[in-house]
Amino acid sequence: MKKLFFSKITIMLAVVLLISSCTQKKGPTKVLIETTAGNITVILFDDTPKHKANFIKLVNEHYYDGLLFHRVIQNFMMQAGDPDSKNAAPAKVLGEGDPGYTIDAEILPNHFHRKGALAAARNSDDVNPEKKSSGSQFYIVQGKKFTSQELDNLIVKINNSRKTALFTNILKGKLDSLGDNYSQEAFQKILDQVKDSVENVLMPKNTFSLTPEQREEYIKEGGVPHLDGNYTVFGQVTDGFDIIDKICGLETDMNDRPKKDVVILSMKIL
């Protein structure tokens, strides 16, 4: 009887330990990117679940193995994920390949383009107004360090650009609707309406700004702030910043492809 009682206790203890281990909070998902230039480790964000799940899927399928960092710009970023880059001839122009699908944007204000940011590439706004991400192409930010004054100037420049774009697009649509009813008086009325709408309604909703945390990061560590709010950032480099600098410092051709190929040897979930 003692043996049976001991057996029940052992089983109960095992079940408790199993339940406890299953309910423990999982650690962050990390991915090791092994390249011919060195290794980079990235962490994937939980609050961009579509991008996280897709990246894990592609890693597990070995989709990225053998692909190139086909676009590299110093003080900006390095881009990979084009399936056409595998065994690509030296002169081949790359950057248009994908797995045949896009991912809904998951652009969040708490994830910005600091150095080491992992983000999804995408087509431009004129053909992709919803800012959907490429199914496979991604980039890792190198960027540069900014002074406080440079950030202030950049904010003014971005907001002026946004205001001009809004004004131009809305005005064009309004003028097209006039048709044969065009007159100087009608034009001035539309001009005043569009100006009021842009300045008092649209721009307050679309004004670009930086939080104190972002400013500090861009000043101390660097990044690419003008991309914020336009691309989905879904991860962050935790190790291998020197490899980012090494790759971004390579000599490139007129299409920003490194003259010496940087190959992704493998990716694995840690």
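When a residue number appears, it is its place in the shown sequence, counting from 1.
In this structure the side chain of Leu151 reaches within 4.5 angstrom of the side chain of Ile219, judged on heavy atoms. Side-chain contact between Thr29 and Ile43: absent, with no pair of heavy atoms (C-beta onward) separated by less than 4.5 Å. Between Val42 and Thr238, the closest side-chain pair of non-hydrogen atoms is not below 4.5 Å. The shortest side-chain heavy-atom distance between Glu34 and Thr41 does not fall under the 4.5 Å cut-off.
When atom types are taken as modelled, the side chain of Asn54 and the backbone of Lys50 share no donor-acceptor pair closer than 3.5 angstrom.
In this structure Ala53 satisfies the side-chain contact (heavy atoms from CB on, under 4.5 Å) test with no other residue, sequence neighbours excluded. Taking the side-chain contact (heavy atoms from CB on, under 4.5 Å) definition, one finds that Glu251 meets it with Lys259, sequence neighbours left out. Applying the salt bridge (charged side-chain N to carboxylate O under 4.0 Å, His left out) criterion to Lys57, with sequence neighbours excluded, gives Glu61. With sequence neighbours left out, the side-chain contact (heavy atoms from CB on, under 4.5 Å) criterion links Pro99 to Tyr63, Tyr101, Ser136.
The cationic atom of Lys144 (NZ for Lys, CZ for Arg) lies less than 6.0 Å from the six-membered ring centre of Phe146 and within 45° of the ring axis.
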key: CA sep, side-chain torsions, deciding dist, call: Val156, Asn160, side chain to side chain contact (heavy atoms under 4.5 Å, CB included)   = CA-CA 6 Å; Val156 172; Asn160 284 340; 3.5 Å; yes
inquiry  = Checking His111 against Thr48 for the side-chain hydrogen bond (donor to acceptor under 3.5 Å, both in side chains) test, could you report, in this order, the C-alpha distance in whole Å, the side-chain angles of both residues, the deciding distance, and whether it holds?
reply    = CA-CA 10 Å; His111 299 318; Thr48 51; 5.6 Å; no
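Closest approach of Ile247 to Ala37, counting heavy atoms only: CG1-CB, 3.7 Å. Closest approach of Asp98 and Gly100 over heavy atoms only: OD1-N, 2.7 Å. Between Pro204 and Asn200, the shortest heavy-atom contact is CG-O, 3.7 Å.
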Below 3.5 Å, can you tabulate the donor-acceptor pairs from side chains in residues 223-235 to any protein atom, sequence neighbours excluded?
unit_1	atom_1	unit_2	atom_2	d
Asp228	OD1	His113	N	2.8
Asp228	OD1	His113	ND1	2.9
Asp228	OD1	Tyr218	OH	3.1
Asp228	OD2	Tyr218	OH	2.7
Asn230	OD1	Lys131	NZ	3.3
Thr232	OG1	Glu106	N	2.9

Distance-only donor-acceptor pairs under 3.5 Å for side chains of residues 67-78, two or more places apart:
unit_1	atom_1	unit_2	atom_2	d
His70	NE2	Gln137	OE1	3.4
Arg71	NH1	Gln79	OE1	3.3

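Side-chain rings of Phe55 and Phe45 stay apart, their centers remaining 6.0 Å or farther from each other.
Under the 3.5 Å distance criterion, with hydrogens and angles disregarded, a donor-acceptor pair is assigned to the side chains of Asp47 and Asn110. In this model, no donor atom of one side chain and acceptor atom of the other lie less than 3.5 Å apart for His62 and Ser266.
Hydrophobic clustering (side-chain heavy atoms under 4.5 Å, transitive across Ile, Leu, Val, Met, Phe, Trp, Tyr) keeps Ile243 apart from Leu32. Using a 4.5 Å cut-off between side-chain heavy atoms of Ile, Leu, Val, Met, Phe, Trp and Tyr, with links allowed through other members, Ile269 and Met267 fall into the same hydrophobic cluster. A single hydrophobic cluster is not seen to contain both Leu108 and Phe138; linkage of ILVMFWY side chains at heavy-atom distances under 4.5 Å, directly or through other members, places them apart.
Within a 6.0 Å radius of CD in Gln188, more than 12 heavy atoms belonging to other residues, nucleotides or ligands are found.
The pair Asp245-Lys115 meets the salt-bridge criterion, since a charged nitrogen lies less than 4.0 angstrom from a carboxylate oxygen.
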